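I have placed the structure first, in the form of structure tokens, so that the comments after it can refer back to it.
In what follows, chains carry the letters A, B, and so on, assigned in the order in which the sequence lines appear, proteins first and then strands, with residues in each chain numbered from 1. From a predicted model like this one, the values you see are computed outputs, not experimental measurements. Atom set for the values below is all heavy atoms of this structure, side chains included, hydrogens, waters and symmetry mates excluded.
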Amino acid sequence: MCGRYTLAVQLDLITDRFLLKRVDAKEMFRFNIAPTQQAPVIYQTDSGRTLTMMRWGLVPFWAKDESIGNKLINARSETLAEKPSFKRSLERKRCIVPADGFYEWKKSTDGKTRTPMRIVVGQGDLFGFAGLWDRWKSPDGGSVESYTIITTEPNKFVSSIHNRMPVILSRDTEAQWLDPEITDPELLTPLLVPYNGEMKAYEVSTSVNSPSNDSPSLIEPIAPELL
DNA sequence: CCAGACGTTGTT
DNA sequence: GTCTGG
DNA sequence: CCAGACGTTGTT
DNA sequence: GTCTGG
């Protein structure tokens, strides 16, 4: 599944790649985005595609407190249309989560050790995860925007590393995913399929294990060869 | 009817 | 072992 | 996802 | 808010 990812690119590149109309975020380079942290998310507004910072871990609008978000960091594509926590966001609050890589921990055959791998698309291209978001009003009057990343079964490449993978939207389905006119789950879930383009993966340092680490060295290959 | 949960991954 | 926090 | 805590009474 | 279980 997807519990860590990277976004180490210039904001201009994100703006160009996703045709953004508004950018409500500062320049940043992230090498270890972890649940509960703030990260950039793209969603559709009246004025066009907007990028804004949200908390990773969905807090549905009806939640009594924020803590439910700690559990809702992923949503299974196979069932999200039926889940109370995701159903409404699927219809009305879909988003794209920009990234340039994600981490999966590959278990050794004996199951005793887990090796972090960084997986990238193409030649390390910028891409978008399929996500859902929501806005939660806190008792003190503030509001919290949060998101979750949708998962699916792995494609052939990722299956050698892990048994789930995040949904990476193909470029030509991104507009449909963000289109507010589309609200029928039957039209949306077919977009949530395993990525079918080229991917690469390489081993990285276990320094990535700790969410408090976030430096360029985390994405350096520690083994000389790409898979 | 009301009360209580609302999730995933991974492991067994 | 299981839950919480980042 | 992984890391780190997991508790109470009482005192500062 | 909405669904499931008692």
Side-chain angles (χ1 to χ4, degrees), chain A residues 1-7 28 30-41 53-93 97 99-120 129-139 143-154 158-168 183 185 189 192 194 201-215 218-219:
Chain A
M1 84 86 269
C2 184
R4 296 298 173 85
Y5 64 96
T6 61
L7 182 60
M28 75 179 77
R30 295 297 311 277
F31 307 91
N32 194 9
I33 298 172
T36 73
Q37 296 178 352
Q38 296 279 129
V41 169
M53 301 298 286
M54 295 190 189
R55 177 194 198 269
W56 186 6
L58 190 76
V59 183
F61 71 98
W62 44 257
K64 289 189 180 61
D65 63 76
E66 279 181 272
S67 64
I68 191 174
N70 298 337
K71 294 190 274 190
L72 307 183
I73 67 169
N74 292 126
R76 290 179 67 91
S77 58
E78 298 91 336
T79 56
L80 82 181
E82 297 134 33
K83 299 290 185 181
S85 295
F86 303 132
K87 190 174 182 179
R88 204 173 142 126
S89 288
L90 176 65
E91 291 164 0
R92 309 270 173 200
K93 287 189 168 63
V97 183
D100 71 342
F102 61 99
Y103 297 108
E104 297 286 5
W105 279 257
K106 180 174 182 165
K107 278 191 305 180
S108 59
T109 319
D110 63 14
K112 287 178 181 169
T113 62
R114 282 167 292 185
T115 305
M117 309 285 294
R118 180 165 182 257
I119 301 169
V120 298
F129 293 127
L132 304 174
W133 71 281
D134 207 348
R135 179 176 288 130
W136 177 75
K137 300 285 185 183
S138 66
S143 78
V144 175
E145 278 111 33
S146 60
Y147 68 98
T148 190
I149 294 174
I150 299 170
T151 64
T152 184
E153 60 187 8
V158 174
S159 66
S160 66
I161 299 172
H162 205 66
N163 64 346
R164 298 291 292 173
M165 73 179 287
V167 173
I168 295 168
T183 59
T189 53
L192 305 176
Y202 58 91
E203 185 177 348
V204 294
S205 161
T206 54
S207 296
V208 79
N209 288 9
S210 176
S212 60
N213 293 331
D214 188 0
S215 78
L218 297 182
I219 63 170

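The shortest distance between the side-chain N/O atoms of A:Arg164 and the OP1/OP2 oxygens of B:dT8 is not below 4.0 Å. Phosphate contact (OP1/OP2 of E:dC3, side-chain N/O of A:Lys87, threshold under 4.0 Å): present. Remark: A:Thr79 is in phosphate contact with B:dT8, judged by side-chain N or O atoms under 4.0 Å from OP1 or OP2. Regarding contacts with the backbone of B:dT9, a side-chain N or O of A:Arg76 is found under 4.0 angstrom from either OP1 or OP2.
Taking the P atom of each, B:dT9 and D:dC1 are spaced 8 Å apart, rounded to whole Å. Look at the C1' atom in both D:dT8 and C:dG1: the space between them is 22 Å, to the nearest Å. Of the C1' atoms belonging to C:dG5 and B:dA3, the separation is 29 Å, rounded to the nearest Å.
When the P atom of B:dA5 is taken as reference, atom CZ of A:Phe86 falls 17 Å away, rounded to whole Å. When rounded to the nearest whole Å, the span between CH2 of A:Trp62 and C1' of B:dG4 equals 11 Å. In this structure, the CD atom of A:Glu153 is 15 Å from the P atom of B:dT8, given to the nearest Å. To the nearest angstrom, P of D:dC2 lies 21 Å from CZ of A:Phe31. Atom C1' of nucleotide E:dG1 and atom NZ of A:Lys83 are separated by 17 Å, given to the nearest angstrom. In this structure, CG of A:Leu58 is placed 11 Å from P of B:dG7, rounded to the nearest angstrom. The CH2 atom of A:Trp56 sits 12 Å away from the C1' atom of D:dC2 (whole-angstrom rounding). Distance CD (A:Glu91) to P (E:dT2): 10 Å, rounded to an integer number of Å.
Relative orientation of the A:Phe102 and A:Phe129 rings is perpendicular, given thresholds of 30° and 60° on the angle between their planes.
Under 4.0 Å is where a charged nitrogen must lie from a carboxylate oxygen, and between A:Asp134 and A:Arg92 no such pair does. Between A:Glu78 and A:Arg164, at least one side-chain nitrogen of the basic residue sits less than 4.0 Å from a carboxylate oxygen of the acidic one, meeting the salt-bridge criterion.
Contact check for A:Trp56 versus A:Thr36: no side-chain heavy atoms found under the 4.5 Å cut-off. Between A:Leu218 and A:Val204, every side-chain heavy-atom pair lies at or beyond the 4.5 Å cut-off.
Distances were taken from every side-chain heavy atom of A:Ser210 (C-beta onward) to each of C:dG6, D:dA3, B:dC6; the shortest belongs to D:dA3. With B:dT8, D:dC1, C:dG5 as the choices, the nucleotide that has an atom nearest any side-chain atom of A:Asn70 turns out to be C:dG5. When distances run from any side-chain atom of A:Asn209 to the nucleotides B:dT8, D:dA3, E:dC3, the shortest one goes to D:dA3.
In this structure, A:Tyr5 does not pack face-to-face on the six-membered ring of D:dC1, missing the 5.5 Å centre cutoff or the 30° plane limit.
At the heavy-atom level, A:Arg88 lies nowhere under 4.0 Å from the strands shown. Residue A:Phe61 is in sugar-phosphate contact alone, with no base atom involved, counting any heavy-atom pair closer than 4.0 Å across all strands shown. Nucleic acid contact for A:Ser85: sugar-phosphate only, since backbone atoms but no base atoms lie under 4.0 Å from a heavy atom of the residue. A:Ala63 comes within contact range of no nucleotide atom at all, as no heavy-atom separation falls under 4.0 Å. Among the protein residues, A:Thr148 comes within range of no part of the nucleic acid, since none of its heavy atoms lies under 4.0 Å from any strand.
The two residues A:Arg76 and A:Thr151 make their nearest non-hydrogen contact at CA-OG1, 3.8 Å.
Partner assigned to D:dC6 is C:dG1, using Watson-Crick or G-U wobble distances below 3.5 angstrom.
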